Amino acid sequence: MNIKAEIAASIASAFKELFDAELGQEAIVLQPTRKDFAGSHTFVCFPFLKQSKKGPEQTGAALGEFVKNEVEAVANYNVVKGFLNFELSDAVWIEQFNATCANSNFGQLPVSGKEIMVEYSSPNTNKPLHLGHLRNNFLGYSVAEILKANGHKVSKVQIINDRGVHICKSMLAWQKFGAGQTPASSGKKGDKLVGDYYVKFDQEYKKEIEQLVADGVDPEQAKKEAPLIQEVQTMLKLWEDRDEAVVSLWKKMNGWVYEGFDATYKRMGVDFDKLYYESDTYLLGKDEVSKGIDKGVFFKKEDGSVWVDLTGDGLDEKLLLRGDGTSLYMTQDIGTAILRFRDCPALSQQIYTVGNEQEYHFKVLFLILDKLGFEWAKECYHLSYGMVDLPSGKMKSREGTVVDADDLMQEVHEAAKERTEELGKIDGFSEQEANDLYETIGLAALKYYLLKVDPRKRMMFDPNESVELHGNTGPFIQYVHARTSAVVRKATELGLFESIESGTGVADLQPIEQALIQQIVGYEDKLKEAAKEYSPAIIAQFSYELAKEYNKFYSEVSIFNEPDQEKLKFRVLLSAVVGKTLKKSMALLGANCPDRM
RNA sequence: GGUUCGCUAGCUCAACUGGAUAGAGCAACUGCCUUCUAAGCAGUAGGUUCCAGGUUCGAGUCCUGGGCGAAUCACCA
């Protein structure tokens with residue numbers, strides 16, 4: 001059955017028979033053989049020399065000989081230093097390949113019964129999405145897809161931060177300086193327009209501060225006394241009191257932002273199953289904080305502010321409710337988490353895709369939920385990813401170095417167009433088809449670029465590299481997929497394909513063919529690993545290696561000039577399976593694979 | 001200052017969680033399109049894995065100390 005287990009079992013009995021040593025199955029670990037050596041499974045002998053009472057080479061040779069005789073799948077073995085490498089027979093690989101072909105669910109693991117909620121994006125509604133959101137969105141979307149492929153039921157959600165001081169700032173600025181401007185009248189996307197007023201507020205606010213300081217007011221004092229900031233606070237208060245005019249302005253401007261966001265999400269290719277709004281959850285959060293006081297988990301200070309004491313957990317005291325009774329981010333997050341588990345009682349895990357700058361926040365949040373007695377608190381996970389830097393340094397909204405999401409997607413589209421036209425690859429494409437192709441290529445370049453690095457790590461975003469089509473890039477993988485499609489297309493035209501879909505009858509393999517099968521067969525393990533690590537990078541790397549391997553095969557081995565019909569058909573089938581696998585793995589990254597490019 | 005994380009080829013990233021000669025891409029150089037898509041393939045060159053100790057058959061990976069960088073520790077989000 002499982003070859004790995006079979007070999008391990010055989011090694012165990014070899015130890016018993018040859019060296020009279022009992023080894024637990026767990027102690028015997030087989031690792032993949034490195035590329036430069038013959039074989040697929042490697043057993044490291046060094047740790048077991050005490051049992052064998054022999055040198056590493058002799059130990060390896062003795063074990064190898066024993067296993068080769070006992071396990072039919074093992075065709076040969078070799079020992080390099082203390083490393084025992086097993087080479088499986090072609091028949092085994094062909095059998096595995098045929099099994100893969102026959103498995104219509106290949107790449108989709110069995111239903112696990114687990115239900116997982118993945119939160120991502122979660123923007124503020126006062127400014128447009130930027131490069132940081134792109135990493136966040138692509139990561140969240142991809143992790144959700146990876147979990148689905150692992151058999152879990154997944155819902156994608158976000159918490160939209162649609163209220164608060166920062167929202168009021170853009171509202172106030174629009175009211176004062178907007179002159180009734182709308183997305184329609186200005187020709188701007190709604191989120192961009194609102195963002196402009198957020199910036200406008202900041203500019204005007206700064207002017208006021210400067211003026212006050214020039215008049216001799218203390219700078220710290222000036223920040224609090226500036227008329228604009230005071231008006232904002234008044235507005236926030238009015239909003240909380242459900243003042244009709246303020247609420248209607250709030251609805252209008254948020255509506256603009258949502259229209260803009262929707263367009264951006266659509267182009268990004270991400271989606272959500274359910275949306276949560278801070279304006280709906282912050283009151284629940286306040287309630288829960290009050291309950292926490294009653295339970296004695298939280299305490300109130302003289303000024304009316306509410307705190308939780310986490311010093312026993314090695315952290316500090318944490319504020320949960322301001323002295324004036326208004327809520328904070330934390331307040332709202334407590335409410336949102338509780339609401340989600342109420343909405344989905346079967347939920348077994350919740351994943352928050354949020355930048356690593358908020359690690360402390362989530363540590364505290366989960367701890368508080370635990371103290372409130374929610375059992376599911378330990379099933380909350382902060383998928384913490386690193387910030388995106390530009391070659392010029394950090395992105396700073398104040399310094400205008402933020403890379404806008406819409407602009408960036410347009411740029412990658414243009415770059416894909418330019419390079420595709422240079423190569424003259426669009427003969428026979430209609431204008432619409434060509435345009436779709438540029439979009440597909442550009443977005444794959446961008447997504448792959450952002451997802452191929454370990455999510456936990458801070459990364460450098462080089463605009464030139466992100467639109468690159470050569471090397472370790474999304475378009476390279478798309479290209480290889482298109483190649484496999486071309487092979488299948490030609491085989492279909494020749495009437496060869498239908499007869500071979502079910503499997504192959506070849507008897508022996510070229511080394512490169514065997515290597516390809518090995519790669520494909522390892523796909524589901526990578527899928528599991530990617531889910532365990534919450535890392536699309538593992539899928540990206542798998543895709544790249546498979547694509548590279550196929551290209552090697554493509555240049556080394558002739559497909560349609562092969563005289564042996566059985567071999568010819570096998571190579572077509574192999575191409576088809578590689579193409580399917582590439583398409584599936586790229587889909588997990590949110591990238592499409594065109595059939596021609 | 002406390003806590004957490006990072007440091008690998010000129011640049012951007014890998015390294016199956018302690019295993020073999022530390023690998024890819026970009027950039028540079030050399031070959032290969034009359035043949036299934038050259039967005040490709042093959043090759044050359046590039047390394048004291050930040051430094052110093054330690055642990056063991058074996059360390060980029062683990063422990064200690066140090067250096068540099070980042071995040072966080074707000075009645076911000």
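Numbered from 1 within each chain, the chains take letters A, B, ... in sequence-line order. Because the structure is a prediction, the values reported are computed rather than measured.
Between A:Arg489 and B:C36 there is no side-chain polar atom (N or O) within less than 4.0 angstrom of OP1 or OP2. Dashed line: the shortest gap from a side-chain N or O of A:His470 to OP1 or OP2 of B:G40 is under 4.0 Å. Phosphate proximity of B:A24 to A:Lys548: absent, as no side-chain N or O sits under 4.0 Å from OP1 or OP2. Between B:C41 and A:Asn551, a contact under 4.0 Å exists linking OP1 or OP2 to a side-chain N or O.
The side chain of A:Lys81 sits closest to B:U21 out of B:A77, B:G19, B:U21. Set against B:G25, B:A77, B:U37, the side chain of A:His361 has B:A77 as its closest nucleotide. Closest approach to the A:Lys552 side chain among B:A42, B:A14, B:U37 is made by B:A42 (side chain taken as heavy atoms from C-beta onward). The nucleotide whose nearest atom lies closest to any side-chain atom of A:Arg322 is, among B:A20, B:A39, B:A77, B:A77. In this structure, the nucleotide among B:C36, B:C41, B:C76 sitting nearest to the side chain of A:Ser555 is B:C41. Picking from B:U12, B:C76, B:A39 the nucleotide with the shortest atom distance to the side chain of A:Leu328 gives B:C76. Nearest to the side-chain atoms of A:Ala486 among the listed nucleotides B:U37, B:A14, B:C16 stands B:U37. Across B:G19, B:C36, B:G40, the shortest atom-to-atom separation from the side chain of A:Gln31 is found for B:G19.
Residue A:Ile538 is classed as having no contact, given no heavy-atom separation below 4.0 Å to the nucleic acid. Using a 4.0 Å heavy-atom criterion, one finds that A:Lys452 contacts no nucleic acid atom at all. Counting non-hydrogen atoms under 4.0 angstrom, A:Asn85 reaches a base of the nucleic acid. Using a 4.0 Å heavy-atom criterion, one finds that A:Arg456 contacts no nucleic acid atom at all. Here A:Asp595 lies in heavy-atom contact (under 4.0 Å) with a base. Counting non-hydrogen atoms under 4.0 angstrom, A:Val44 reaches a base of the nucleic acid. In this structure, A:Val557 reaches the bases: a heavy-atom distance under 4.0 Å links it to at least one base atom across the strands shown. Contact annotation for A:Asp36: no contact, since no heavy-atom pair falls under 4.0 Å across all strands. Residue contacts shown for A:Pro47 include a base, since a base heavy atom lies under 4.0 Å away. A:Glu549 comes within 4.0 angstrom of no nucleic acid atom, judged by non-hydrogen atoms across all strands. If you check every strand for non-hydrogen atoms under 4.0 Å, A:Ser575 touches nothing.
In this structure, A:Asp454 atom CG and B:C5 atom P are separated by 14 Å, rounded to whole Å. Between A:Glu556 atom CD and B:G40 atom P the separation is 17 Å, expressed in whole Å. Between the CD atom of A:Glu468 and the P atom of B:C26 there is a distance of 7 Å, given to the nearest Å. Distance, A:Leu450 CG to B:U12 C1': 13 Å, rounded to whole Å. Rounded to whole Å, the distance from CZ on A:Phe476 to C1' on B:U37 is 13 Å. As a whole-Å value, the separation of A:Met597 CE from B:A38 C1' is 13 Å. The CZ atom of A:Phe553 sits 18 Å away from the P atom of B:G40 (whole-angstrom rounding). Put simply, CG on A:Leu446 is 19 Å from P on B:U12, counting in whole angstrom units.
Place A:Tyr544 and A:Ala547 on RNA chain B by their nearest nucleotides, and A:Tyr544 ends up nearer the 5' end. Comparing A:Tyr329 and A:Pro32 against RNA chain B, the residue whose closest nucleotide sits nearer the 5' end is A:Pro32.
Side-chain atoms of A:Thr42 come within donor-acceptor range of the base of B:A20, with a qualifying N/O pair under 3.5 Å.
The cationic atom of A:Lys318 (NZ for Lys, CZ for Arg) does not lie both less than 6.0 Å from the six-membered ring centre of A:Trp307 and within 45° of the ring axis. Under a cutoff of 6.0 Å and an axis angle of 45°, A:Arg483 and A:Tyr554 form a cation-pi pair. A cation-pi arrangement is absent between A:Lys53 and A:Phe19, since the terminal nitrogen or guanidinium carbon is not both under 6.0 Å from the aromatic centre and inside a 45° cone about the axis.
If you take atom P in B:U55 and the same atom in B:G10, they sit 32 Å apart, rounded to whole Å. Of the P atoms belonging to B:G53 and B:G1, the separation is 26 Å, rounded to the nearest Å.
Its glycosidic angle being within 90° of 0, B:U17 falls on the syn side.
Nearest approach of A:Met395 to A:Val388, heavy atoms of both residues: CE-O, 4.3 Å.
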Which atom pairs link the protein and nucleotides 71-74 of chain B when you take only N or O atoms and keep those under 3.5 Å?
{"from": "B:A71", "atom 1": "OP1", "to": "A:Lys394", "atom 2": "NZ", "distance (Å)": "2.4"}
{"from": "B:C73", "atom 1": "O2'", "to": "A:Asp316", "atom 2": "OD2", "distance (Å)": "3.3"}

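Using a cutoff of 4.0 Å between basic side-chain nitrogens and carboxylate oxygens, A:Arg163 and A:Glu278 are scored as salt-bridged. Salt bridge status for A:Arg571 with A:Glu513: present, with a side-chain N to carboxylate O gap under 4.0 Å. Salt bridge status for A:Arg419 with A:Glu414: absent, with no side-chain N to carboxylate O gap under 4.0 Å. Between A:Arg322 and A:Asp324, none of the side-chain N atoms (NZ, or NE/NH1/NH2) sits under 4.0 Å from a carboxylate O, so this pair counts as no salt bridge. With respect to A:Asp389 and A:Arg458, a salt bridge is recorded, a charged nitrogen being found less than 4.0 Å from a carboxylate O.
Both thresholds, 5.5 Å between centres and 30° between ring planes, are met by A:Phe46 relative to the base of B:G19, so the two rings are stacked. For B:G19, the base is not stacked against the aromatic ring of A:Phe83, per a cut-off of 5.5 Å between centres and 30° between planes.
Atom NZ of A:Lys301 sits about 8.5 Å away from atom CG of A:Leu319, to the nearest 0.5 Å.
In this model, a donor atom of one side chain and an acceptor atom of the other lie less than 3.5 Å apart for A:Tyr550 and A:Ser575.
Under the 30°/60° scheme for interplanar angles, the aromatic rings of A:Tyr282 and A:Trp239 are found to be tilted. Ring geometry, A:Phe46 versus A:Phe83: the interplanar angle exceeds 60°, so the pair is classed perpendicular (tilted spans 30 to 60°).
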*Pair pattern of RNA chain B in dot-bracket, where unpaired bases get dots and | marks partners in another strand, Watson-Crick or G-U under 3.5 angstrom*: (((((((..((((.....[...)))).(((((.......))))).....(((((..]....))))))))))))....
